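Note that the coordinates shown come from a computational prediction; the quantities given were computed from them, not determined experimentally. Values below: all heavy atoms of this structure, side chains included; hydrogens, waters and symmetry mates excluded.
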Amino acid sequence: MSQSMMALLLAAGGGIGAVCRYMVGLYVMKRLPTPPIPVAMLIVNLAGSLGLGILYGSIFNDPEILYGNIIFIMLGLGFFGAFTTFSTFSMEAVNLITDKLYKKAGIYITMSIGGSIIGFICGFYLMATII
């Protein structure tokens, strides 16, 4: 497949991922309008890390995993890359710190980073043991 087609698949996956992130954010904020920490992005990042772990675990043995695998390009790099968001996480963590909500910031940072890594590992090993 040509690089142009791969780039289009990447863009399509990214567009869908960004819209899904927005929709999940709206849904969570509607259900929890004043959460103690930024729950919407926490859920998005944890779910996205788990999903990427499942995807990566399911195609781990593919020798062209990163840039030659159509599914990984569209879903892994595109969808999950746009669905999860490190920049919004960073902004929300800094907002908590500048508001002097240090305990909430610590909880949010720990849950986001630790939870995302644990989610990815769980998804990866779940699929790696099944396949």
Side-chain angles (χ1 to χ4, degrees):
M1 181 170 290
S2 73
Q3 287 182 337
S4 298
M5 183 55 89
M6 291 290 222
L8 286 174
L9 291 172
L10 175 68
I16 294 166
V19 169
C20 288
R21 178 182 70 220
Y22 176 72
M23 298 304 289
V24 169
L26 288 179
Y27 178 81
V28 172
M29 288 186 295
K30 190 177 214 177
R31 300 289 182 265
L32 300 167
T34 55
I37 61 173
V39 176
M41 282 305 106
L42 179 62
I43 290 171
V44 162
N45 286 333
L46 296 180
S49 294
L50 176 66
L52 185 59
I54 289 170
L55 175 65
Y56 190 70
S58 68
I59 59 176
F60 181 67
N61 292 322
D62 186 335
E64 296 182 341
I65 187 85
L66 294 179
Y67 298 104
N69 185 299
I70 296 167
I71 294 169
F72 191 78
I73 296 258
M74 187 168 183
L75 295 178
L77 299 178
F79 179 82
F80 288 116
F83 183 69
T84 59
T85 172
F86 195 73
S87 56
T88 302
F89 155 74
S90 300
M91 177 192 69
E92 290 175 337
V94 168
N95 284 342
L96 290 170
I97 292 167
T98 56
D99 290 344
K100 297 183 173 42
L101 300 170
Y102 302 117
K103 184 176 180 181
K104 289 180 182 184
I107 291 169
Y108 179 60
I109 291 166
T110 301
M111 288 177 70
S112 294
I113 294 172
S116 293
I117 292 168
I118 290 168
F120 181 88
I121 290 169
C122 289
F124 174 79
Y125 282 111
L126 173 71
M127 292 311 291
T129 57
I130 291 174
I131 295 179

Side chain to side chain contact (heavy atoms under 4.5 Å, CB included) evaluation trace for M74 with L10: CA-CA 5 Å; M74 187 168 183; L10 175 68; over 6 Å; no

Intermediate values then yes/no, side chain to side chain contact (heavy atoms under 4.5 Å, CB included), V19 and M23: CA-CA 6 Å; V19 169; M23 298 304 289; 4.1 Å; yes

Would M127 and I59 count as a side chain to side chain contact (heavy atoms under 4.5 Å, CB included) if you check the C-alpha gap in whole Å, the side-chain angles of each, and the deciding distance to 0.1 Å? CA-CA 9 Å; M127 292 311 291; I59 59 176; over 6 Å; no

Begin with the C-alpha distance, continue with both residues' side-chain angles, and end with the deciding distance and a verdict on side chain to side chain contact (heavy atoms under 4.5 Å, CB included) for L126 and C122. CA-CA 6 Å; L126 173 71; C122 289; over 6 Å; no

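Here ring pair (Phe, Tyr, Trp, His ring centres under 6.0 Å) pairs that include residues 13-49, with residues two or more places apart or in two chains, number zero. The ring pair (Phe, Tyr, Trp, His ring centres under 6.0 Å) contacts involving residues 96-118 comprise F89-Y108, where partners must be two or more places apart or lie in separate chains.
Among residues two or more places apart in sequence or in another chain, the side chain to side chain donor-acceptor pair (under 3.5 Å) test is passed with S90 by none.
A distance of 9.5 Å separates CZ of F80 from OG of S49, quoted to the nearest 0.5 Å. Put simply, NZ on K104 and CG on N95 are 13.5 Å apart, with the number rounded to the nearest 0.5 Å. In this structure, I73 CD1 and M5 CE are separated by 12.5 Å, a value rounded to the nearest 0.5 Å. Note that the NZ atom of K103 and the CD1 atom of I37 stand 12.0 Å from one another [nearest 0.5 Å].
Counting heavy atoms from C-beta on, the side chains of M41 and V44 come closer than 4.5 Å.
Taking a 6.0 Å sphere around CE of M111, one finds it holds 12 or fewer heavy atoms contributed by other residues, nucleotides or ligands. The neighbour count for M91 CE, taken as heavy atoms of other residues, nucleotides or ligands under 6.0 Å away, is above 12. Within a 6.0 Å radius of CD1 in I71, other residues, nucleotides and ligands contribute 12 heavy atoms or fewer.
The backbone N or O of A82 sits less than 3.5 Å from a side-chain atom of R21, completing a donor-acceptor pair. A distance-only check finds no donor-acceptor pair linking the side chain of S116 to the backbone of I113 [under 3.5 Å]. The backbone N or O of L55 lies less than 3.5 Å from a partner atom in the side chain of S58, making a donor-acceptor pair.
Smallest separation of non-hydrogen atoms from A93 and I109: CB-CG1, 3.8 Å.
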